[in-house]
Amino acid sequence: MYSEKVMDHFSNPRNVGEVNDADGSGTVGNAACGDIMKLTIKVEDNKITDVKFKTFGCGAAIATSSMVTELVKGKDLNDAEAISNATVAEALDGLPPVKMHCSNLAADALHAAIEDYKKKTVK
Amino acid sequence: MYSEKVMDHFSNPRNVGEVNDADGSGTVGNAACGDIMKLTIKVEDNKITDVKFKTFGCGAAIATSSMVTELVKGKDLNDAEAISNATVAEALDGLPPVKMHCSNLAADALHAAIEDYKKKTVK
Amino acid sequence: MKKICFDHNATTPVADEVFEAMLPFLKGEWGNPSSIHWAGRGPKKAVDAGREALCKFFNCADIETIFTSSGTESNNLAIKGLAWAKKDKGNHIITTRVEHPSVLNTCKALAKEGFETTYLDVDADGLIDLNSLEAAITPKTILISTMFANNETGVLFPIKEIGAIAKKRGVTFHADAVQAAGKTPLDVQGLKVDLLTISGHKLYAPKGIGALFVRRGVRLTPLIHGGHHERNRRGGTENVAGIVALGKAVEIAGRDMAAESERMLAMRTRIEKGMQARIPHVKINGHLEKRLPNTVNISFEFVEGESLLLNLDMKGIAASSGSACTSGSLEPSHVLTSMGLSNEMSHGSVRFSLGKSNTEEDVDYLLEIMPAIVERMRSMSPLYAASK
Amino acid sequence: MKKICFDHNATTPVADEVFEAMLPFLKGEWGNPSSIHWAGRGPKKAVDAGREALCKFFNCADIETIFTSSGTESNNLAIKGLAWAKKDKGNHIITTRVEHPSVLNTCKALAKEGFETTYLDVDADGLIDLNSLEAAITPKTILISTMFANNETGVLFPIKEIGAIAKKRGVTFHADAVQAAGKTPLDVQGLKVDLLTISGHKLYAPKGIGALFVRRGVRLTPLIHGGHHERNRRGGTENVAGIVALGKAVEIAGRDMAAESERMLAMRTRIEKGMQARIPHVKINGHLEKRLPNTVNISFEFVEGESLLLNLDMKGIAASSGSACTSGSLEPSHVLTSMGLSNEMSHGSVRFSLGKSNTEEDVDYLLEIMPAIVERMRSMSPLYAASK
Ligand SMILES: Cc1ncc(COP(=O)(O)O)c(C=O)c1O
Ligand SMILES: Cc1ncc(COP(=O)(O)O)c(C=O)c1O
C-alpha cells in the first residue's frame, strides 16, 4: 500500500520529540479523525534551526510528520511556509488516495508552528 | 437422473410398433407437451394377447410406454384396467419428480386403447 | 468410451492456464485483499491485475468494471440496478422474447414494482426488427436489454446498430454477452453499449465468477449492499481466485479468438452440411450467417430432443436440447417457438455447441453415429409413421 | 521471517481437506449440474452432497438451504428478500448498531423504499438489552436481524433468547452467523432462527461461496432472478467447486469445533492476560465471557491502530484494527464507538483473531514483541506525553 519511502520514514522517523524551549509550536488534528500532530520549532535569524514532531496517527501521518521535519530543517521561514501538503506527499513518492487527508496534517502543523512563532515574536 | 430400469427400457424398448389388425388403439398426449403415445392392442377371450407402442417423447415417456406393454401382455382386461400411472412408475423403480407427467401418458394410452376396444365390441 | 462434449454453451472446463493462474490464490495467497498486512497484499495485487486484464478485454477503464458471481447476477445488476436508479425518469424497458431467463425473469420481477417491459418479437431467423425496436421507444423508456448472441441458436443480434439507436434516443443499452464473449470481438467503445455482461464458466474460467461493464456515468443501484468493495457497487469479500481466473480467461480469449473462431466455423459447417446430407427432415435453426461460429441448432423432425440426447450420451456425446423435457418444464424452448417453430420441431431440436476440446475427429464420430440414432427414434415415433 | 496470521476473522486459508475435495470440480468434473448428460451427473451429485453436509451442519432440511456467493449476499437476500416479500404486512426492521456493513447498508438502502429500521444500542460490553428489543417491536415489525457473533470483538449475542422473543411476537428472525460458524454450535432448530447466514471464506473454504438457511414457510423475494436453480430462489449456474468446498468445510467444522474452540480459548486467554501483564494502559474490548473463543480486541491507549498493525506486519504478524485508517474511512469502528469507547481508544484498537494455524509459539512471539512496539509508538505520541 505504502511506498518504500513512506515505510522508511514510518520505521525510522526523523526528529521525533519536542525541541527544548521551542520558539513555535503547532498542534493540529483530533482524535475523532485518528490523527493528532504536534510540531515544535527553534528559529534563529529567520531560519528553522531545529524541528521535532510527535504524532498520534497512522503510517501516513507518521511518515508525513517525519518528512516535513526533514524538509524544513535549515530552511528560512518563507521557504518553509511555501511547503504544502502536496510537497510532502510528493517527497514521499506519493500516498494512497485514501490517505491524502493524513498528509494534510503535516503541512498544517508546520504552518501552525510558524504562525505561533510569529505571534510570539510580534509581541 | 433415470434409474437403471428406465434406461434399460429406453435403450431396449419392448414391443415397439403397431399390432396388425388391432382390436383397440389409443393415442394420447400432444406435441405441445412434447409427448405423444399410441398404443395398439390385440384382445382374445377378454385377454390382451398382443400390445405395441409408438411414442414421440423423452426418455421417461419411452420407458413408461415400454414398461406398460410388458405389464399388460397376457393380462385380462380387468387387471389391465387396474394398472395406474403409479404402477408403471413403480415398476421402473421410480421416475424423477419432473418427469411424473410423462409417466401419466402410458397408463392413459392403455386405458384409451381398452376403451376403444370396448366401444368397437359393443356395436 | 471416448467422451465428447458438444455442449460448451452450457459450460466449459477450466483451461489449464486458467487453473494454474488461480491455484496460488486457493493454496498460498489466501489473504483478504482489503487487509493491509502481508496476507492481503498478494491478493490485492492479483485482483488489480485481473481487473486490468478485463479492462483490456472490454477496452474500458478500471472503474467501469464490476466483478460479480455469475452472468445471471450481472444481468440482474444491470437491469434492476439501472431500473431502480432511473425510476424517476421512466418505467419502461425494452427487451426481446428470446432472452435468457436471467433477463426475462428479472423483467417479470420488475413488473411487480410497476416497471413495464416490451418484448420484441424475432423473425424466423431469430433476428429482431430494428424499426420495431425504434418504434417501441417511448419517453418513459430507460433501458434496452438484448442478448449479444443467443445461447440456444447462436444468433447474433446487431449490437452496434442497437447501440446507435439507443444512443440517438438517449436510452441506456445493456447487452448480455455471456455467449458472445470469447467467440466474437467485444469492444465496448466500438459497440456503444453502456452495460455488458459476461460469465466466467462460459469462457474456460470456473463457475462462480462473472463481470459487468458499466460505462462511466451510468449509475446503478446496487443489488448487494455491503462494504466498500467494487467501489461500493457490489459488496462482499472479493472472490480472488475467481477474479484471477476470469482475468486469465479473457486474456486467453483475446489471444486465441481469431484462430479458434475459424476452427469452430469449419467444424460447425461440417456438422450442418453432414447432418443435412445424411439425415432427411432436418432443419438448421437460426440465421445461417449471423451466428456464433460454435453453435449449431438442428431440429430432427418427428423425434423428441431428450431421447436423442440420451442416445448421444450413451455413445459418449454431450449435447443439449430445446425440448421441455430437458429443463423439467412442460414447454419447449421459448427461443425456438418465438422463431415460429412448431412445438414438435422445438421439442425435436438439438444444440451442438463447440469448444476448445473439439476436433475434426469428434465431428466425424458425431456424423457417423447420428443417422442411426435418429432413424431408430423415428421408427418408434407415431408422428413419423403418420407422415409417411 | 515467520509469518503469523492473527487475522482469521478477516478470512481463512482454504483447508487442505477442503482443497482436495473441491479440486476435481475445477479439473475433471467441470460439467453443468443442470445438464442431463455425462458431464452434468458428477457435478449434480456433488452439489447434492454439499447441500446434505450443509443440512447436517444447520440441522435442517435440504429445501431450507440456499447457496449464495458470500456472507454479504446471504445477508442482503435475507433482509431485502424478507422485507420485499412482507412489505404488505409491515415496513419495520429491528437490528443493532454493531452489525456488519452488509446488514447496516442493506437497511439503509431499504430506507429509500420506505422501510424503517430501529438500531438497538449496545452497552459497554457490546451486548444488547432484550427488554429494549422487545419494546422496539411494533405491529409493523417484520424482521429482527442481529449478529450471532461480532466480527470485531467476538461478542456473542443471546440468539436463543432473541429467537424466543421473535417467535413469541411473530416476527421473522435473521442471524448473521458469519463469524459464529465453526466456532460455536449453530443448531437452527434449537436456536429458533428463521434465517441464518454463513460465509465460506471465514470457515476454511474459498472466497465466493456463502449460504443462507431459510426456514420452511419463510418466503423470500429473490435478489437474483434467473433459472430454476436453488428452487427458483437464486438464479445462476451453481458454483460447484465452491459448494463442494463449503460442504467439506462445514463437515470439518462440525467434527473439529469442540477441540479447536478449547485450543483457541487457551490461546486467547494467554494473549489477554499477557498483554495486560506486560503493557500498561490496555483495555480488553467486549464482554469478557460472552465472546467467541478466537477473538481478542484490545485498545492500546495513546497510540493509533494502523501504526501498530504496520509494526506487527514488519515482524510478520497479521492483525487488524478498528482504526479508521485501515478501512480508508475517516471514522473509527462503529462497533467500538457504539460500546462507548472514546475515539482515541477506538483508533487504538487491535483485533487478534485466532485460527487453525495458530500455535502457542505464535502467542509467545506476539507477547514478546508487542510491548516494545507499543512503547515505541507511545514515545512518539503527543497524547502519551500529555497524560504523563
Ligand atoms: C459478521 C459478518 N457478516 C458478514 C460478513 C460478510 O461476509 P463476506 O465477506 O462473505 O461477504 C462478514 C465478513 O466480512 C462478517 O464478519
Ligand atoms: C445468454 C446467457 N445469459 C446469461 C447466462 C447466465 O450465466 P450464469 O450461468 O453465469 O449465471 C447464460 C448461461 O446460462 C446465458 O447463456
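Numbered from 1 within each chain, the chains take letters A, B, ... in sequence-line order.
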Check: Is there a donor in the side chain of R234(D) and an acceptor in the side chain of S70(C), or the other way round, less than 3.5 Å apart?
Finding: no
Notebook entry, point to check: Ignoring hydrogens and geometry, is there a side-chain-to-backbone donor-acceptor pair from N76(C) to H225(D) under 3.5 Å?
Noted result: yes
Looking at N32(D) and T11(C), would you say the former's side chain and the latter's main chain have a donor-acceptor pair under 3.5 Å? no
Side chain to side chain contact (heavy atoms under 4.5 Å, CB included) filter on K3(C), not counting sequence neighbours, yields M1(C), W38(D)
Please state whether the side chain, the backbone, both or neither of [X] comes within less than 4.5 Å of a heavy atom of chain C.
| X | answer |
| --- | --- |
| L110(D) | neither |
| T12(D) | backbone |
| A319(D) | backbone |
| A10(D) | both |
| E29(D) | neither |
| K112(D) | neither |

Contact list (residues 18-27 of chain D to chain C, heavy-atom gap under 4.5 Å, by number) returns F19(D), M22(D), L23(D), L26(D), K27(D)
Supply the atom-to-atom distance [X] [atom1] to [Y] [atom2], rounded to the nearest 0.5 angstrom.
| X | Y | atom1 | atom2 | result |
| --- | --- | --- | --- | --- |
| I224(C) | L77(D) | CD1 | CG | 9.0 Å |
| M314(C) | H37(D) | CE | NE2 | 14.5 Å |
| D7(C) | S35(D) | CG | OG | 5.0 Å |
| I36(D) | L309(C) | CD1 | CG | 4.5 Å |
| C5(D) | W30(C) | SG | CH2 | 3.5 Å |

Residues at least two apart in sequence or cross-chain that pass salt bridge (Lys or Arg N to Asp or Glu O under 4.0 Å) with K248(C), listed by chain then number, are E251(C)
Do you know which of [options] has the most heavy-atom pairs with chain C at a distance under 4.5 angstrom?
| options | result |
| --- | --- |
| L312(D), I317(D), I209(D) | I317(D) |
| G242(D), A245(D), G31(D) | G31(D) |
| V103(D), T221(D), T237(D) | T237(D) |

Note: vs chain D, highest number of non-hydrogen pairs under 4.5 angstrom among G28(C), S69(C), A241(C) is S69(C)
In terms of heavy-atom pairs under 4.5 Å with chain D, the winner among G210(C), P101(C), G40(C) is P101(C)
Applying a strict 4.5 Å limit to non-hydrogen atoms, the region of K80(C) in contact with chain D is side chain
When the 4.5 angstrom heavy-atom criterion is applied to S199(C) and chain D, the contacting part is neither
Note to self: Counting only heavy atoms from other residues, nucleotides and ligands, does the tally under 6.0 Å from NZ of K356(D) exceed 12?
What the structure shows: yes
Q.
More than 12 heavy atoms of other residues, nucleotides or ligands under 6.0 Å from NZ of K86(C): yes or no?
A. yes
Taking a cut-off of under 4.5 angstrom between non-hydrogen atoms, the residues of residues 201-208 of chain C near chain D are H201(C), P206(C), K207(C), G208(C)
